[in-house]
Amino acid sequence: MSITAEPPRQQFQSDANRTSTDAPRRAAVRRALSNYQTARDRTGATFTDWKSARASAATIKHEAVNHLDRYLEEFEKKFSARGGKVFWASDSKQARDYILHLAKEKNVRSIVKSKAMTGEEIHLNQALLEEGYGVVESDLGEYIQQLKGEPPYHFVFPCMHLRRDEISDLFQRELGTEKTDSPEELTMIARRVLRRAYVEADMGISGGNFIVADTGMISITENEGNARLTVGLPKIHVALIGIEKVVPCLADLALFLPMLATAGTGQHLTGYNSMYGGPRQPGEIDGPDEFHVVFLDNHRTRLLADPEQRDALHCIRCGACLNVCPIFKNIGGHTYGTTYQGPIGSVITPHFRGLEDWKHLSGASSLCGACTETCPVGIDIHHHLLHNRRNAATQKPAPGEQFLWRAFSFLMKRPALYRLATKFAPLGGMLHPLVQGSPLDPVASWTATREFPAAPAGSFRARFRAHTAAKSAALKKGGVQ
Amino acid sequence: MSPNRGDREAILGRVREALREEAPLKHPAERSAGGEPTTAHFREWLPPVGASIEERYALFAKLSESLRTELQLCADMAEVSAAIKKLAEEGAWKTIALHEGELTSALVPAFPAQLSPMVLSKGYDKDQLEACDAGLTECDLLVAQTGSVCVTSKSAGGRVLSVLPPHHIVVARKNQLVTDLSEAYASLASKYRDAYPSMISFITGPSRTGDIERILVLGAHGPKRLTVLLLP
């Protein structure tokens, strides 16, 4: 869970201990992700050259992010000319206050929302509910998580960790529906409930996958059609979107939409990819009277100011790095305690929310590089995790660790002392069972879940000496003949 | 902070300050055979389509099948009418929503007697549209590479006609089929110039979700069925 009183590091540790031993949940997550892997490999293979496509995507995002001011202004100019309004929010509070104020000013009663991780980031739903607005999540997975009172487990697949019987029980409890084990029937229950929400809502809130500078449009990618309805029926549309999501030209989407779909879900293209350039235009029969875009900084400029890691802002939130990550598969999404889970979340969260509190996420990686390999815009994710580790160490080295390294280097520089120390290692091994499991055990955190390896009888140096002596003796013997 | 635009100047100031130091481009796009960087020519890295209209159609048909889009070739408008009549009878439809258009309007006189049309105009009743059995629209383009139908708020009866009724029927001509999204965007740019409709949407198959155990279910919120009737 993301909202706990525990400090992030302790919360991560205790959740990781619990979830990594929850074998049935891990199996469910693995099963869900194996379908993804097959679909993605199949679709990826239809590309003439995925790697070159990826280099093109990286180059375009590099251009966009490194000239962000120019493209944001271009968007604003084009979008305003078509009747849209842009609000620039430095932080969560400014964004929330703007949306709340707008809802109040326009006498909004009910709100329907399509999936927006920025909404999770600024805790928008809580703020709206506290002010007395009804707000319904319309993406099926988000709707399930909203009913459950839990944040999304994965920023693309919000309820991938739940089994159908758990969802059926949830619907039975919250909506009074009959028990069913059919995913189709469960989907149809949500469909019935939510269709009323679209028709009745007077405000629709969405996120946005891309800010298109040259035509002043917001592009939204989805599969269910819930975003189409969310921004089609209510009279006010608010899109809450991070400032980094820019692409220079509408034509760039011809590359990004297929890549996002392939990397995100293994589809050629997701069900609905829609570009919105303003509220209802003259001559159109429907669409909102007002379209507000809220640009969210919320410390994105802090990451932007780090040229070494700036490319982390190229991320298009496809979620592929989560899907391939061995750590994610074992500890699950909630353990991270962040809005953005998995490898990319571990890279950006310390920039967004402070290195001191979130540096432990840099360790939530085996550095296998699967995330970097799979990223459709070529972000060096696992290298950035290393950069964060380095930055954390220079900022404030842990005192115990400092002492250990000093002792180690002291020993390594004095061979005689080192040899003496290795002689005592087996003695330590013999004494260890006396304290194992007690508070005096110096390696308790290791032995809680694993065996401590026994020290070998002889050191490598001793064995090497014996080995070479035997060999030269044999040679000498051979030489006599 | 200005009440209208918020922290605009402060954010742009932080962005400019942050960008004073350049970031290295770690994965530059390779150069294509012509020597130009491939960002302008990324089309060549995407899934191949084929140059001829037959190849384009073959790929569109293949993808439609895997997407569960019901694609039907119709020789003339009479065949389109017959196809709609058949669907209406099978589904026991009572109402069908549509927009005024060259193709859609021409189909109304041939609707079966028990099927009443709802022609959308400004200020239509949302509840009435929600209760319709089907929605009939034209489209701007069809895209071979992705199996998509491209609709806009100008060409397809606004924003929700193509997504609110449970069955979406598209009437199109075969020459609306383009190769890929690049060609689609170029075509939209020349058609609309600077006056783009407020919505452009690429619809790829009927509405779908995999949110429960990653199992595919059609008709999550939008249409459960998508039928494309294609004229020569």
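Here is the naming used below: chain letters follow the sequence lines, and residue numbers restart at 1 for every chain.
Across A:A95, A:S138, A:G84, A:A28, the residue that shares the most heavy-atom pairs under 4.5 angstrom with chain B is A:S138. Taking chain A as the reference chain and counting heavy-atom pairs below 4.5 Å, the highest number among B:E9, B:Q145, B:K224 is found for B:K224. The choice from B:G157, B:G123, B:G147, B:A195 that makes the most heavy-atom pairs within less than 4.5 Å of chain A is B:G157. Heavy-atom pairs under 4.5 Å with chain A were tallied for B:G219, B:S207, B:P223, B:G158; the largest tally goes to B:S207. When each of B:P47, B:A18, B:P24 is scored by its heavy-atom pairs under 4.5 Å with chain A, the top score falls to B:P47.
Looking at A:L162, the atoms closer than 4.5 Å to chain B (heavy atoms on both sides) all sit in the backbone: N, CA, C or O. Heavy-atom distances place the side chain of A:I167, and not its backbone, under 4.5 Å from chain B. Heavy-atom distances place the backbone of A:H67, and not its side chain, under 4.5 Å from chain B. Proximity to chain B is absent for every atom of A:I379, based on heavy atoms less than 4.5 angstrom apart. Of the atoms belonging to A:R300, not a single heavy atom falls under 4.5 Å from chain B. Contact annotation for A:T215: only side-chain heavy atoms (C-beta onward) come within less than 4.5 Å of a heavy atom of chain B. For chain B, the nearby parts of A:A32 are the backbone and the side chain; heavy atoms of each come within less than 4.5 Å. Looking at A:D380, the atoms closer than 4.5 Å to chain B (heavy atoms on both sides) all sit in the side chain, from C-beta outward. With a 4.5 Å cut-off on non-hydrogen atoms, A:V199 touches chain B through its backbone and its side chain both. Both the backbone and the side chain of A:N226 come within contact range of chain B, each with at least one heavy atom under 4.5 Å from a heavy atom of that chain. Residue A:N223 touches chain B through both its backbone and its side chain, counting heavy-atom pairs closer than 4.5 Å. Residue A:E308 touches chain B through its backbone alone, counting heavy-atom pairs closer than 4.5 Å. Heavy atoms closer than 4.5 Å to chain B are found nowhere in A:E222, neither backbone nor side chain. Within the 4.5 angstrom heavy-atom criterion, no atom of A:R70 approaches chain B.
Note: B:I11 CD1 to A:D297 CG = 5.0 Å, rounded to the nearest 0.5 Å. The structure places CG of B:L164 at 5.5 Å from CG of A:L229, a figure rounded to the nearest 0.5 Å. Atoms CG and OG1, on A:L257 and B:T146 in that order, are 9.0 Å from each other to the nearest 0.5 Å. Here the straight-line distance linking atom CZ of A:R280 with atom OG of B:S198 works out to 9.0 Å at 0.5 Å rounding. Atoms CD1 and CZ, on B:I212 and A:R163 in that order, are 13.5 Å from each other to the nearest 0.5 Å. Taken from CD in A:Q94 to CG in B:D7, the straight-line distance is 4.0 Å, to the nearest 0.5 Å.
Side-chain N or O atoms of B:H221 include none that pairs as donor or acceptor with a backbone N or O of A:L194 at under 3.5 Å. Without hydrogens or angle criteria, A:R82 side chain to B:Y196 main chain gives a donor-acceptor distance under 3.5 Å. Checking side-chain atoms of B:R16 against main-chain N and O of A:D69 turns up no donor-acceptor pair under 3.5 Å. Not a single donor-acceptor pair under 3.5 Å links the side chain of B:E213 to the backbone N or O of A:P183. Counting only distance, with no hydrogens or angles, the side chain of A:T48 and the backbone of B:L46 share a donor-acceptor pair below 3.5 Å.
Between B:G222 and A:R191, the shortest heavy-atom contact is O-NH1, 2.5 Å. Of all the heavy atoms in B:K126 and A:A201, the pair that sits closest is NZ-O, 4.5 Å. Across B:S148 and A:L269, no two heavy atoms sit closer than the pair OG-CD2, 3.4 Å.
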Criterion side-chain contact (heavy atoms from CB on, under 4.5 Å) on B:R5 and A:E76, from CA distance to verdict: CA-CA 10 Å; B:R5 303 214 271 188; A:E76 186 186 41; 3.5 Å; yes

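A donor-acceptor pair shorter than 3.5 Å can be found between the side chains of A:R228 and B:S162.
Salt bridge B:E22/A:R310: absent, no basic N to carboxylate O contact under 4.0 Å. Ion pairing of B:D127 with A:R196 is present here, as a side-chain N (NZ or NE/NH1/NH2) and a carboxylate O approach within less than 4.0 Å.
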